[in-house]
Amino acid sequence: MKAVLAGFALLLAAPAAAAPKAAPAADHRAVAVESAEGWTFGKAGAPLLAEYASYGCPHCGQFAAATTSRVDRLVKNGNLRFSWRPFLIFPQDRAAAVLTRCVAPSRRLAFIEAVMADQGAIKAALKAADADEATRSRLYAAELAGPVSHAGEIAKASGLLALAQKHGLNTMQAGTCLANASHHAWVTNADMTARLNGVTGTPTFFWKGARIPTGTPDELLALLPQ
């Protein structure tokens, strides 16, 4: 009897087995699907917001500042898909789009968001580069050499290379990426596809497949899930 009681006491003293930990919720921002027009992020089947945008467009930057937090949260939680479709207007657009293509899919949306958030710094860096005679001459020579060379120099002058490094591309990877003609061909095709689809300016939004008036950031947010 004493042995039974002793065993029972040991059982009571033993620590309770830890409850199994719940699996972390999936982050659907890591799901990136590339098409001829751009990249779509989010859970398959979620409603789709598509934006044709220029990385240097100030109006696009205003929308990004007002909507990125909400869009990012909805994509992460699986309640929205977001499609970023590059449209070439400003000198940094090609370099930014090429680098986006080379960033790991799981970090691609974060890179796009970072470029848009850094619009002011990128614009200031390019303005400073234009004010420096040696840098301006190098950029002009690169522009004459063609879009591949020009994008490489723009990436250096604008700070895009440093930003890409913060999102997982080392110096060699970024340089190889910017020199890859197939990446540039894809960017050119994405821009041409947008124009053939009737896009003439940025930002241009499509919600659930239908083009919508640009309106204001608040009007756009009112369409989206909560």
Side-chain angles (χ1 to χ4, degrees), residues 26-35 37-42 49-77 80-129 150-180 183-184 186-187 190-191 202-205 217 220-221 224:
D27 185 345
H28 296 284
R29 294 173 300 181
V31 179
V33 177
E34 184 176 279
S35 70
E37 294 180 279
W39 306 279
T40 299
F41 306 94
L49 172 67
E51 178 181 2
Y52 291 89
S54 155
Y55 291 87
C57 157
H59 200 191
C60 301
Q62 292 169 1
F63 268 81
T67 65
T68 290
S69 177
R70 171 93 162 274
V71 168
D72 191 79
R73 174 176 60 81
L74 289 171
V75 173
K76 177 181 179 179
N77 295 339
L80 179 75
R81 284 181 299 147
F82 176 63
S83 183
W84 175 268
R85 299 174 181 177
F87 193 87
L88 304 182
I89 300 175
F90 292 86
Q92 63 268 39
D93 287 340
R94 174 176 290 275
V98 168
L99 287 169
T100 301
R101 199 170 194 235
C102 293
V103 169
S106 62
R107 306 179 75 168
R108 201 167 282 166
L109 180 57
F111 178 69
I112 292 169
E113 293 169 348
V115 174
M116 298 306 290
D118 277 8
Q119 266 193 357
I122 291 168
K123 182 179 178 180
L126 288 174
K127 184 177 180 180
H150 192 227
E153 291 298 329
I154 286 288
K156 295 174 189 174
S158 65
L160 282 169
L161 270 184
L163 195 58
Q165 288 167 4
K166 291 180 181 178
H167 288 79
L169 290 183
N170 63 36
T171 303
M172 181 177 294
Q173 290 169 330
T176 300
C177 170
L178 288 160
N180 188 315
H183 293 326
H184 286 270
W186 181 88
V187 170
D191 178 69
T202 57
T204 294
F205 294 101
L220 179 63
L221 287 172
L224 305 182

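Excluded from the calculations below are hydrogen atoms, water molecules and symmetry mates; all remaining heavy atoms, backbone and side chain alike, are included. Computed from a predicted structure; not experimentally measured.
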Exercise. With rounding to the nearest 0.5 Å, note down the distance linking NE2 in H28 to CG in L74.
Key: 12.0 Å
Exercise. Give a yes or no answer on whether the side chain of E153 reaches the backbone of H150 with a donor-acceptor pair at less than 3.5 Å.
Key: no
Practice problem: Assess whether side-chain contact (heavy atoms from CB on, under 4.5 Å) is satisfied between W39 and I112, documenting all intermediate values. | Solution: CA-CA 11 Å; W39 306 279; I112 292 169; 4.3 Å; yes
Practice problem: For residues S158 and A125, report the shortest heavy-atom separation together with the two atoms involved. | Solution: O-CB, 3.7 Å
Exercise. Enter the distance from D118:CG to E113:CD here, rounded to the nearest 0.5 Å.
Key: 12.0 Å
Quiz item: Can you find a heavy atom in the side chain of C102 that is under 4.5 Å from one in the side chain of Q173?
Solution: no
Self-check item: Test item: F41 and V31 side chains (from C-beta on) under 4.5 Å apart, heavy atoms
Solution: no
Practice problem: Determine whether the side chains of R85 and S83 contain a donor N or O and an acceptor N or O closer than 3.5 Å. | Solution: yes
Exercise. Among L49, L221, L224, find the one that has a side chain to side chain contact (heavy atoms under 4.5 Å, CB included) with T67.
Key: L221
Quiz item: Just by modelled atom types, is the P86 backbone N or O under 3.5 Å from a matching donor or acceptor in the D191 side chain?
Solution: no
Self-check item: CA sep, side-chain torsions, deciding dist, call: L220, F63, side-chain contact (heavy atoms from CB on, under 4.5 Å)
Solution: CA-CA 9 Å; L220 179 63; F63 268 81; 4.1 Å; yes
Quiz item: What distance do L169 atom CG and L161 atom CG have between them, rounded to the nearest 0.5 Å?
Solution: 9.0 Å
Quiz item: What's the verdict on side-chain contact (heavy atoms from CB on, under 4.5 Å) for C177 and R101, showing C-alpha distance, side-chain angles and the deciding distance?
Solution: CA-CA 8 Å; C177 170; R101 199 170 194 235; 5.8 Å; no
Quiz item: Are side-chain heavy atoms of D27 and N77 found at a separation under 4.5 Å?
Solution: no
Quiz prompt | Minimum-distance pair of heavy atoms, taken over all atoms of L160 and A96 | solution = CD1-N, 3.9 Å
Quiz item: Hey, would you say the F205 and Y52 ring centroids sit under 6.0 Å apart?
Solution: no
Quiz item: So, Q119 versus Y55: side-chain donor-acceptor pair below 3.5 Å or not?
Solution: no
Quiz item: How far does OG of S54 sit from CZ of F90, to the nearest 0.5 angstrom?
Solution: 5.5 Å
Quiz prompt | Spacing of CZ belonging to R29 relative to CZ belonging to R108, to within rounding of 0.5 Å | solution = 15.0 Å
Quiz item: With a 3.5 Å cut-off and no angle check, do the side chains of E51 and T204 form a donor-acceptor pair?
Solution: no
Exercise. Determine the minimum heavy-atom distance between F87 and D93, stating which atoms define it.
Key: O-OD2, 3.5 Å
Quiz prompt | Nearest heavy atoms of A97 and V187, plus distance in Å | solution = CB-CG2, 3.8 Å
Quiz item: Hey, does the side chain of H184 reach the backbone of L178 with a donor-acceptor pair shorter than 3.5 angstrom?
Solution: yes
Practice problem: Show the numbers, then the answer: is there a side-chain contact (heavy atoms from CB on, under 4.5 Å) between W84 and M116? | Solution: CA-CA 12 Å; W84 175 268; M116 298 306 290; 3.6 Å; yes
Quiz item: So, H167 and R107: side-chain donor and acceptor under 3.5 Å apart, yes or no?
Solution: no
Practice problem: Could you grab the distance from atom CD1 of I89 to atom SG of C60, nearest 0.5 Å is fine? | Solution: 6.5 Å
